[in-house]
Every structure is written in structure tokens, then in C-alpha cells.
Amino acid sequence: MSRVIAIDGTFASGKGTLGKRVAAHYGFKYLDTGKLYRATAYAMMKAEQDLSDPDAAAKAAAGLDAGALNDPALKSGDVGAAASKIAVHTPVRAALLKFQRNFAKIKPGAVLDGRDIGTVICPEADVKLYVDARPNVRAQRRFKELSGYGEDTSVEIVLAQLIERDSRDKSRAQAPLKAADDAHLLDTSDLDIDGATAAAIAIIDAVLGR
Ligand code: C5P
């Protein structure tokens with residue numbers, strides 16, 4: 001039997017690090033689905049295509065190869081913002097659906113993190129987590145991360161980008177960011193990564209009866 005753990009949440013809520021740690025704990029495979037949207041946007045940026053063109057975006061999504069997902073350029077704030085612009089297009093989401101659903105079938109289990117995993121990609125997931133934190137805490141975290149990549153930014157800029165990104169992700173017509181009705185909410189504002197991981201594992205163990 002294969003298990004699926006769905007982790008959704010806001011920008012810089014800590015879901016990526018949490019996803020990796022949870023996957024390592026249970027011996028499951030991990031997929032950061034944001035990379036699919038980032039790689040699609042980055043391919044379009046390199047080709048100087050219009051991000052608001054759904055057909056061009058869908059072609060870019062369908063043409064992704066595994067290597068494109070590991071490009072360090074995907075981590076930048078600009079690519080993240082572009083990713084949320086192409087993520088509004090229904091044909092883009094459709095082009096990326098199968099890859100994600102297939103990944104979720106991997107044995108003995110898979111952890112996927114994103115925005116619509118518990119609601120659209122894996123509505124039957126064994127455990128769903130919805131991760132969030134106060135905006136100023138998330139802005140500080142993301143600022144540290146971007147500075148580590150050498151990006152010239154500030155906490156104020158990151159906070160403004162974060163508010164814009166969350167609002168675009170939550171308000172889009174197709175697969176908006178929201179907690180599934182059966183998701184367990186995890187607020188990481190006052191938790192470090194060890195604390196957040198322990199809290200997530202406690203929820204998952206309880207649901208899986210371990
Ligand atoms: O998580 P990350 O910041 O890498 O995601 C970049 C963008 O990709 C998000 O802001 C969102 O618009 C989009 N995304 C999505 N659905 C997912 C994962 C990411 O729409 N499952």
C-alpha cells in the first residue's frame with residue numbers, strides 16, 4: 001500500500017523544508033510541485049514569451065524535462081513571482097496534473113507540497129496538512145533565504161511580494177490556494193524547523209495510527 005501526504009500552504013510558510021523532513025522520516029519520496037510551475041515560467045522567461053499567454057505557457061509546461069527542475073535559477077524571487085502568474089492558466093495546470101498524480105503513486109509513499117495538493121491533485125491523500133505563518137515571520141524567513149542566494153532585496157520588498165503572491169494564489173479561479181476541508185492546520189509562526197517537523201509528524205502519526 002502506498003501512502004500520500006499532501007502539504008499545502010502559503011508562500012514561505014516552511015512547507016518545503018517540512019515536506020523534505022517528513023519524507024525522510026517516513027522513507028517516502030518528496031516532490032516540491034512549485035518547481036514545476038517555476039520551471040515552466042523560467043522556460044518562458046528565457047524564450048522571452050508572454051506569461052499571460054495560456055497556450056504558450058501550456059506548451060512550456062508540457063515540454064519540461066526532469067533536468068529543468070534542478071536549475072538553481074528557479075529559486076529566485078522573480079521566477080517565483082512569474083510562476084504564480086502562469087499558474088493561473090487552466091491548460092498549464094492540466095499539463096502538470098498527470099506527472100504529479102503519477103508521483104503520488106510511488107511506493108511506499110509520497111509527500112507532495114504545493115498549493116492544491118489536498119484539494120485537486122490528491123483529494124484522497126491519507127494525511128493533509130495546511131501550513132501557514134504570520135506574514136512578517138514569513139517575510140523574514142524568505143528574506144534570509146534569498147539573501148543566502150545573493151539576491152539583493154529587503155524584508156519590506158519580500159513582505160510586499162508575499163502579500164501580492166498569496167492574494168493571486170488564493171483568488172485565482174482554478175485550484176486556488178485554500179485548506180482542504182479535512183486538512184490539519186499547522187501554524188509555524190512560533191516554531192523552528194525542528195518544532196514544526198515534530199508537530200507535523202505527531203499529526204501524521206495520529207492520523208495513520210502509528
Ligand atoms: O511554492 P513555490 O513558491 O515554489 O510556488 C511558486 C508558485 O507556483 C506559487 O506561488 C503558485 O502560484 C504556483 N503553484 C501552484 N500550485 C502548486 C505549486 C505551486 O499554483 N501546487
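One-based numbering, in listed order, for ligands and for the atoms of each.
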Notebook entry, point to check: Are the charged groups of Asp8 and Arg115 less than 4.0 angstrom apart, N to O?
Noted result: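 Salt bridge absent between Asp8 and Arg115.
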Notebook entry, point to check: Tracing side-chain links under 4.5 Å among I, L, V, M, F, W and Y, which residues wind up in one group with Leu185?
Noted result: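 Taking Ile, Leu, Val, Met, Phe, Trp and Tyr as members, Leu185 shares its hydrophobic cluster with Tyr130, Leu177.
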Next item on the list: Decide whether Ser84 and Arg165 meet the rule of one side-chain donor and one side-chain acceptor closer than 3.5 Å.
Entry: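 Note: Ser84 and Arg165 side chains miss the donor-acceptor criterion.
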Notebook entry, point to check: Who pairs with Ala133 by side chain to side chain contact (heavy atoms under 4.5 Å, CB included), at least two apart in sequence or on another chain?
Noted result: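 Result, side chain to side chain contact (heavy atoms under 4.5 Å, CB included) vs Ala133: Arg138, Arg141, Asp187, Thr188, Ser189.
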Note to self: Going by salt bridge (Lys or Arg N to Asp or Glu O under 4.0 Å), name the pairs with one or both residues in residues 189-202, residues two or more places apart or in two chains.
What the structure shows: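 Listed once each, the pairs are Arg21-Asp194, Arg134-Asp190.
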Checklist line | Within one Ile-Leu-Val-Met-Phe-Trp-Tyr cluster: Tyr30 and Phe28, side-chain cutoff 4.5 Å | finding: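 Yes, same cluster.
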Show the short N or O contacts, below 3.5 Å, that ligand 1 makes with protein N or O atoms; if there are none, say 'none'.
| unit_1 | atom_1 | unit_2 | atom_2 | d |
| --- | --- | --- | --- | --- |
| ligand 1 | 1 (O) | Lys15 | NZ | 3.4 |
| ligand 1 | 1 (O) | Arg115 | NH1 | 2.8 |
| ligand 1 | 3 (O) | Arg38 | NH2 | 3.1 |
| ligand 1 | 3 (O) | Arg165 | NH1 | 3.1 |
| ligand 1 | 4 (O) | Arg38 | NE | 2.5 |
| ligand 1 | 4 (O) | Arg38 | NH2 | 3.4 |
| ligand 1 | 10 (O) | Arg115 | NH2 | 3.4 |
| ligand 1 | 10 (O) | Arg165 | NH1 | 2.8 |
| ligand 1 | 10 (O) | Asp169 | OD2 | 2.7 |
| ligand 1 | 12 (O) | Asp169 | OD1 | 2.6 |
| ligand 1 | 12 (O) | Asp169 | OD2 | 3.4 |
| ligand 1 | 12 (O) | Arg172 | NH1 | 3.4 |
| ligand 1 | 16 (N) | Arg93 | NH2 | 3.0 |
| ligand 1 | 20 (O) | Arg93 | NH1 | 2.8 |
| ligand 1 | 20 (O) | Arg93 | NH2 | 3.3 |
| ligand 1 | 20 (O) | Arg172 | NH1 | 2.9 |
| ligand 1 | 20 (O) | Arg172 | NH2 | 2.9 |
| ligand 1 | 21 (N) | Thr33 | OG1 | 2.9 |
| ligand 1 | 21 (N) | Arg115 | N | 3.2 |
| ligand 1 | 21 (N) | Asp116 | OD1 | 2.9 |

